[in-house]
Amino acid sequence: MRITRLAATLGALTMALAVAACGGDDEGTGSGSTAKGIEGKAASGKLVIGVKADQPGLGLQSGSTYTGFDVEIGKIIAKGLGVPESGIEWKTTVSANREPYIQQGQVDLVVATYTINDERKKVVNFAGPYFIAGQDLLVPTDSTLTGPESLAGKRVCSVSGSTPAKRIQEEHKDAKLQQFDTYSKCVTALAGGQVDAVTTDDIILAGYAAQEQYAGKFKVVGKPFSEEPYGIGLKKDDTAGCNKINDILKAAATDGSYKKAWDDTLGKSGTPAPELDASKLSNCA
Amino acid sequence: MDVFSDPANRDVYITGFLWILKLTLAGGAGALILGVLLAAMRVSPVPVLRGFGTAWVNIFRNTPLTLIIFFCYFGLFSTLGFSIADDIDLNNFWLGVVGLSVYTAAFVCEAIRSGINTVPPGQAEAARAIGMSFRQTLTMIVLPQAGRAVIAPLGSILIALCKNSTIVGTIGLMESSNAMKDLINANGNAVIAIFLVFAGTFAVVLIPTGYAFGWLAGRLAVKR
């Protein structure tokens, strides 16, 4: 009696898991073909775009509005796909949930300081890059740190699980790494002197340095030690949508809307608009 | 499951759970000592001590643990300069232990106080009648009997503490929840597998813990 009940429970559990697993697969491959990817979705006049909510200059949420360079890029793409600004639903993504969100269809696009790399390419498709950042250090204005090689024995802060944190762990083992779940905590710790530097992509750091409450306190070292091509994530099988977004980006670079997006956001920190190199756009595997 | 065939990933996983284990043991020891002291205060005849014990329980039992841990880093360490160790991970670990102990002690105190209520008043009266002091009555007569009555609830508190330890991740310790985030961020295609392994590890460790405490409680209960 007891054994049968146990077996029944286990059986039910296994089935539940199996069903859950199937559900995941279905969504991964199925909806892409039925909805014809991003273009099919855009035809309905609505798009869900995942952006960061805590990165000044790139994707920053205040109240229910999002501002920043990533957000502007999202608007350009939506416009190119024929979706009005009112049809965009912004959704906050953090580094760890970007792939699952795309796979499950919770978001149609992700424009969230999303570095293109081979690991991620296995699960999602990338359009772009629309910007090439580099990992750098944010330090107090009077700091003597000159780059990653001077980090030995110093406390560096980054976000747990992020690419920059991983690079410090692997390539600069003599640095002491403090990890938080957000960069804002890192910047607070830097302001309080608990860490000597904050590390992540240079434009994210520039965004923090340009914040009013920290004006003049921090500087970006300016010696990027990696190349982080920011891409636009979408479903793995949506090659057509990916090509379409690349076309939109190319057009945006020539008609000046790309430069305007930069000038309105990160350009305020004084950095001139980068050139969008059309030859580097991905070939949408 | 091939995520875990990579030794680097296995390292992340093992380190994460070792931190949880250390947090649970250190936090549990701290909470037990503090909790017994607090319970003694709450039943003591001195009004100031009673007030202190009551205040502690009411403040820390009703404050979210996340806030307490957050305060340990940004309040104690960042603002007040209360540093415990030079190494970043160790410092975060001990700050976490302080937070977990302070919080869990409130629950331990209440469990022990309820245990004290199960000891018949006649026991304490008899002890006082033969001339034992309050301290002697408490440590030699009441607490040993109370302790045996509260083994099962203390087990629940320990299990809760073990799971609560993941919150220390908020101040940057690479415990299991951060380790899981790490792995998921790098292996976005294996989210469910990674989640099941992490959740499963907690279940595998904690379900037997629960049974062990239940068994112990049955063995040691005061039969009346």
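Chain letters run A, B, ... following the sequence lines, proteins first, then strands; residues in each count from 1.
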Item to complete: Residue by residue, scan residues 55-74 of chain B and write down, ordered by number, those that have a heavy-atom distance under 4.5 Å to chain A; if none do, write 'none'.
Response: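 So far as heavy atoms go, Phe70(B), Tyr73(B), Phe74(B) are the residues that approach chain A to under 4.5 Å.
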Practice prompt. Please indicate whether Asp174(A) has more than 12 foreign heavy atoms, meaning atoms of other residues, nucleotides or ligands, lying under 6.0 Å from its CG.
Written response: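 Enclosed: over 12 neighbouring heavy atoms sit under 6.0 Å from CG of Asp174(A).
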Worksheet item: Considering only heavy atoms from C-beta outward, does the side chain of Val191(B) approach that of Glu99(A) to under 4.5 Å?
Response: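 SC-SC contact between Val191(B) and Glu99(A) ruled out.
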Fill in: Heavy-atom pair count under 4.5 Å with chain A, highest-scoring of Asn178(B), Thr170(B), Ile184(B), Leu173(B)
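The candidate making the most pairs under 4.5 Å is Thr170(B).
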Discussion item. Let's test your reading of the structure: which of Val12(B), Asp86(B), Thr79(B) forms the most heavy-atom pairs below 4.5 Å with chain A?
Written reply: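 The residue among Val12(B), Asp86(B), Thr79(B) with the greatest pair count is Asp86(B).
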Discussion item. I need the residue from Ser160(A), Pro100(A), Ala189(A), Gly192(A) with the largest number of non-hydrogen atom pairs under 4.5 Å to chain B.
Written reply: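 Most heavy-atom pairs under 4.5 Å with chain B: Ser160(A).
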Worksheet item: With chain B, which of Arg120(A), Lys166(A), Gln194(A), Lys176(A) has the greatest number of heavy-atom pairs at distances under 4.5 Å?
Response: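 It is Gln194(A).
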Worksheet item: So which part of Met174(B) gets closer than 4.5 Å to some heavy atom of chain A, the side chain, the backbone, both or neither?
Response: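 Side chain only.
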Item to complete: Could you tell me which portion of Leu177(A) (side chain, backbone, both or neither) has an atom closer than 4.5 angstrom to a non-hydrogen atom of chain B?
Response: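 Only the backbone of Leu177(A) comes within 4.5 Å of chain B.
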Worksheet entry | Gln178(A) side chain to Asn92(B) side chain, donor-acceptor N/O pair below 3.5 angstrom |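 Looking only at side-chain atoms, Asn92(B) and Gln178(A) do form a donor-acceptor pair, the distance falling under 3.5 Å.
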